[in-house]
Amino acid sequence: MTTPFPFTAVVGQDDLRLALLLNAVSPAVGGVLVRGEKGTAKSTAVRALSALMPEVPVVAGCRFSCNPSAPDPACPGGPHEAGAGTERPARMVELPVGASEDRLVGALDIERALAEGVKAFEPGLLADAHRGILYVDEVNLLHDHLVDLLLDAAAMGASYVEREGVSVRHAARFLLVGTMNPEEGELRPQLLDRFGLTVEVAASREPDQRVEVVRRRLAYDDDPAAFAARWADEEAAVRARIVAARELLPSVRLGDGALRQIAATCAAFEVDGMRADIVMARTATALAAWAGRTDVLAEDVRQAALLALPHRRRRNPFDAPGLDEDKLDDTLEQFSGEGDEDPDPDGPGGGGGGQPPQSDDGGPQGGDTAARPEAGESGEPQPSGAGSGEQQAVRAAEPFRAKVLSVPGIGEGAAGRRSRARTEHGRTTGARRPRGALTKLHLAATVQAAAPHQRARGRSGPGLVLRRDDLRQATREGREGNLVLFVVDASGSMAARQRMSAVKGAVLSLLLDAYQRRDKVGLVTFRGAAADVALPPTSSVDAAAARLESLPTGGRTPLAAGLLKAHDVLRVERLRDPARRALVVVVTDGRATGGPEPVALAGRAARLFAAEGIASVVVDCESGPVRLGLAGQLAGELGGTAVTLDELRADSIAGLVKDVQRRAA
């Protein structure tokens, strides 16, 4: 068995370690979402936590980890009699991004259920994680329906499997931990809200701390067992502190004063719903227990707010995460004199906040607060071909709700909300023979296939004589996410401030739409003498928005170069993800200048898209009383549709077809 990196040997990341420990003390807090750049010990810290969890008493032989002192009466492996059991280490179960629904919640043997009436159930990862840790790396890349199932189980403490009238329920209470890199895409706000706490992590900018990180990692890689032995005492101390805090937790008093501070804080930051208040209350109580106190202090409420509120304040992916600490302090001070008086802060357990133990080398353990540079700030490569006519970037106009653009036909890409696709979830459209394991039974088709053979099979009773060949898989139609590739004209012809602001507002609106529909996005810009990939295809629409915001304008209009660069991006992306269909959105006034025969070159480049059947739409940015109609001509060459900025609005009177590519019959 691989020796995990010791939890107490993690350098820095104080907020991350504290959030994990609070959930270990009180799983009712609701789990942790860890957000941060790659290489910041997110996964290392989570995996290390499992070694600190106290051992779990279980009923011997129970596949669902029932507690012997209070076995689940509805356990599929029961009934169990209360009594002595056995103990085992707490499990840490990892949910892969590509896991199936059956792997997560478990699977029923449909054939045996129909033919024999037997509930033959194979437990899934939720059953394995019961009374342990369920870890989802890159949770933002997990399919939406799996995230829904996961968070529903975490909220209810149970998992339900329903198939064709056959149901199985089992307990599923676990510490849920998700990690994600925001550059790869965001979670939906309603899913963010289901995580109790969130932590932003970043690599330290202090050389001494970075040196210590490398030193410890190299020592661990050279001899994991010896390195773990060096930290055994610290690990044992933290493990004992978790046990003590769990025992103290029921005795912690949450006074009316602290409750009013919690309610006032949530109201001041305009947090939706009441979940934030409940999570803050549980977190503040766990902080007091972790500090060895039986009373909740104002500083516990403050720390709870910093962990429980930042991710609940975001209304869209472009909102900056975080909390205004000055406003938080003002709110807490305003309500500090109401309700119960705070006990002596120098009492048992010392000051509030309950920080994790310091490392033995005296090194800094505080979370790194160095600001991460925003995408598109200085240091980003500027588009090539910038001429002397380059103008400073202008801010985008206010975004609006955009019309729905979709790819024609039926695809088979990743689940999303844009274009029609054959998916595992959606409305049933037909039936077929299963390829591999049966997952979605089409009952009527199965009965219809078996009915003609009942006499030959010797059926004598009311039951249906079923064979494997009779089973039919339901085919379903839902929606998929697409690759929306923006090709934006940043030339001098687009440089008028009011005009470019409107163009950026339109693209920003489409980016918001792509976020809501679970698309990948990419950004190609062209101006001067060449085109650049400002953002390779990614699930992070906020990164695309940042690149767009810093986009300067000026120079000639190399339209052909922009289209050819977009074609290259799509070619590479098809190799990486052949099932994901693309939608190309060209934002231009249709002009082409620079080089020999720029218009003819642009036409030939556009016809490449039409020849390969790539769906496209041209957003016509031409303005003024005299219009040349060049964007419409470009759309014809692309085999796509042209729309004006006004027609792009969802509330526009002008209609906009959903399928953006029209072909002659």
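None of these values were measured; they are calculated from a predicted model.
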Would a 4.5 Å heavy-atom cut-off, applied to side chains only, mark Val139 and Phe195 as touching?
yes
Determine, step by step, whether Arg17 and Phe7 satisfy the side chain to side chain contact (heavy atoms under 4.5 Å, CB included) criterion, reporting the C-alpha distance in whole Å, the side-chain angles of both residues, the deciding distance to 0.1 Å, and the verdict.
CA-CA 8 Å; Arg17 301 191 312 126; Phe7 186 85; 3.7 Å; yes
Checking Arg205 against Arg210 for the side chain to side chain contact (heavy atoms under 4.5 Å, CB included) test, could you report, in this order, the C-alpha distance in whole Å, the side-chain angles of both residues, the deciding distance, and whether it holds?
CA-CA 7 Å; Arg205 302 301 187 253; Arg210 296 176 75 97; 4.2 Å; yes
Interatomic distance, Leu16 atom CG to Leu307 atom CG [nearest 0.5 angstrom]:
10.5 Å
For the residue pair Arg173 and His130, establish whether any side-chain heavy-atom pair is separated by less than 4.5 Å.
yes
Of all heavy-atom pairs between Met280 and Ala308, which one has the smallest distance, and what is that distance?
CG-CB, 3.9 Å
Heavy-atom check, side chain of Leu21 versus side chain of Arg241, under 4.5 Å
no
Would you say Arg216's side chain and Ala9's backbone share a donor-acceptor pair under 3.5 angstrom?
yes
Taking every non-hydrogen atom, the tightest pair across Leu309 and Phe269:
CD1-CD1, 4.2 Å
Would you name the heavy atoms of Ala305 and Pro310 that are closest together and state the gap between them?
O-CD, 3.6 Å
Nearest-0.5 Å distance that lies between atom CG in Leu18 and atom CG in Asp14
6.5 Å
Polar side-chain atom of Thr198 near backbone of Leu33 as donor-acceptor pair, under 3.5 Å
yes
Check the orientation of Phe64 and His170. Use parallel for under 30°, tilted for 30 to 60°, and perpendicular for over 60°.
tilted
Residues Thr3 and Tyr220: side-chain donor-acceptor under 3.5 angstrom
no
Output for pair (Leu142 CG, Leu104 CG), nearest 0.5 Å, gives 8.0 Å
Should Leu49 and Leu175 count as side-chain neighbours, where that means a heavy-atom distance under 4.5 Å?
yes
Do Val46 and Met92 come close enough that some side-chain heavy atom pair is under 4.5 Å?
yes
Taking Arg302 first and then Glu325, would you say they form a salt bridge - that is, a charged N and a carboxylate O separated by under 4.0 Å?
yes
Here the pair of heavy atoms bringing His80 nearest to Cys66 is CD2-SG, 3.8 Å
What I'd like to find out is whether the side chain of Leu248 reaches to under 4.5 Å of the side chain of Val25, using heavy atoms alone.
no
What distance separates Asn67 CG from Cys75 SG, expressed to the nearest 0.5 Å?
12.0 Å
Considering only heavy atoms from C-beta outward, does the side chain of Glu573 approach that of Leu485 to under 4.5 Å?
no
Verify the distance criterion only: is there a donor paired with an acceptor across the side chains of Thr525 and Asp532 at less than 3.5 Å?
no
Nearest non-hydrogen partners of Leu22 and Val29, listed with the distance
O-CG2, 4.4 Å
Student check: side-chain heavy atoms of Pro6 and Glu235 closer than 4.5 Å
yes
Side chains of Ser204 and Gln209: do they bring a donor and an acceptor to under 3.5 Å?
yes
Are Lys520 and Asp577 ion-paired here, with the side-chain N under 4.0 Å from a carboxylate O?
no
Shortest non-hydrogen contact from Ala90 toward Met53
CB-CB, 3.6 Å
Flag, side chain of Arg547 to backbone of Ala534, donor-acceptor distance under 3.5 Å:
yes
Worked check of side chain to side chain contact (heavy atoms under 4.5 Å, CB included) between Arg217 and Thr44
CA-CA 11 Å; Arg217 185 70 209 190; Thr44 298; 4.1 Å; yes
So, Arg418 side chain and Asn482 main chain: donor-acceptor pair closer than 3.5 Å or not?
no
Quick test of your reading of the model: are Asp72 and Arg169 salt-bridged, counting only N-O distances below 4.0 Å?
yes
